[in-house]
Amino acid sequence: MKIFNTKNELSLHLSSARNSGGSIGLVPTMGALHEGHCSLLIRAVEENSCSVVSIFVNPTQFNDPRDLEKYPRSPEKDLEMLRSHGADVVFMPSVNEMYPQEDSREFDMGGLDKTMEGADRPGHFNGVAQIVSKLFEAVVPHRAYFGEKDFQQLAVVKHITRQLTLDIDIVPCPIIRESDGLAMSSRNARLSPSDRALAPFIYRSLQDAASLQSFHTPGEIREKVQEAYASRAELELCYYEIVNEESLQVVSDWNEPGGKLACIAVMLGGIRLIDNLKFA
Ligand code: AMP
């Protein structure tokens, strides 16, 4: 496993992989790796001759400086996990390497950045678009792997890839959960033991809501979820929305065309947790 800190060294190494006709699979991460990240890497290793994992806590996607400061970091453990899962290349740049000067690029995300996480975290998706486009430029992958855990991010990444006419296959990967249903997230490590015990309520509330699909409109289900959270003081519901899986626009009638999913964000002990569940 090769580890690079600069774009130049990385592209030099990857150009030989590319010239020998192989495919490159990229897994962008912010480190503090868990099995969710590893599932993306396993897929990248299976489908490409060269797998690249980036570890970079991207400052431009944090709208809250305290969240950036407290973001968990475990580089030694990360490298061990990547080695054991067969990663070929790890890219760990400094902030200065990725942002030698301030990046003022504004991306048009076709409105995908205006709802849910985008509405609650102004500038977040523009920061995501900045770093993803920089990583795509540096690695020039054939495929890039993203988790459905961050469903809105996946939609934004697909959109900018199309808009920048990049020939990169964006591969969505299913959500990996703890045994009690909590979606794996680097932020889970920051939960206190008592908050960690409450956290599985989030996935349960998504499942309970989905079971009402035959009896209620999307709007009624949303109200029921809001009621369920109103009696749980520790779990602050930021949003629960039933949306179209392409446009991310709110669904008001089950007969509307297209796949549908419920997206949720909850604050628990000052930590923002997100999850989602597709409707059958
Ligand atoms: P992050 O390090 O949180 O930016 O995540 C890096 C990538 O891993 C993103 O594409 C995430 O959607 C994906 N990811 C994070 N958690 C999970 C999970 N529990 N299951 C599947 N993918 C995940």
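Counting convention: from 1, in listed order, for ligands and their atoms alike.
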Check: How close does the nearest protein non-hydrogen atom get to atom 7 (C) of ligand 1, and which residue and atom is it?
Finding: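 That would be Pro28 O, 3.6 Å.
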Check: What protein heavy atom sits nearest atom 20 (N) of ligand 1, and how far away is it?
Finding: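 Sorting protein heavy atoms by distance from atom 20 (N) of ligand 1 puts Ile176 N, 2.9 Å first.
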Next item on the list: Let me see the working for Asp64 and Arg272 under salt bridge (Lys or Arg N to Asp or Glu O under 4.0 Å), right down to the final yes or no.
Entry: CA-CA 11 Å; Asp64 175 356; Arg272 188 179 182 90; over 6 Å; no
Next item on the list: Fit a plane to each ring of Phe136 and Phe146, take the angle between them on a 0 to 90° scale, and name the class: parallel (under 30°), tilted (30 to 60°) or perpendicular (over 60°).
Entry: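 Perpendicular.
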Next item on the list: Report the part of Pro174 (side chain from C-beta onward, or backbone N, CA, C, O) that has a heavy atom under 4.0 Å from ligand 1; answer both or neither where that applies.
Entry: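 The part of Pro174 near ligand 1 is the backbone, not the side chain.
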Note to self: Looking at Asp208 and Lys224, is there a salt bridge between them, counting it only when a charged N and a carboxylate O are closer than 4.0 Å?
What the structure shows: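 Answer for the salt bridge query: no.
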Check: Should Glu80 and Arg83 count as an ion pair when the cut-off is N to O under 4.0 Å?
Finding: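 Between Arg83 and Glu80 there is a salt bridge, with a charged N closer than 4.0 Å to a carboxylate O.
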Taking only heavy atoms of [X], which atoms of ligand 1 are found under 4.0 Å from at least one of them?
X	answer
Thr29	2 (O), 6 (C)
Ile175	20 (N), 21 (C)
Phe146	10 (O)

Next item on the list: Test Phe56 against Phe91 for ring-ring contact (aromatic ring centres under 6.0 Å, His included), laying out the working first.
Entry: CA-CA 8 Å; Phe56 181 66; Phe91 181 45; 8.2 Å; no
Option whose closest heavy atom lies nearest to [atom], chosen from [options]:
atom	options	value
atom 12 (O) of ligand 1	Leu40, Leu41, Asp150, Ile131	Asp150
atom 16 (N) of ligand 1	Arg177, Met30, His34, Arg187	His34
atom 8 (O) of ligand 1	His37, Gln153, Glu35	His37
atom 22 (N) of ligand 1	Cys173, Ala32, Gly147	Gly147

Next item on the list: Would you kindly check if the NZ (Lys) or CZ (Arg) of Lys134 is within the cone defined by 45 degrees around the ring axis of Tyr99 and under 6.0 Å from the six-membered ring centre?
Entry: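 Ring-cation test returns yes.
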Margin query: For Lys149, is there any backbone N or O sitting under 3.5 Å from a side-chain donor or acceptor partner on Asn276?
Written below: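 At least one qualifying donor-acceptor pair exists.
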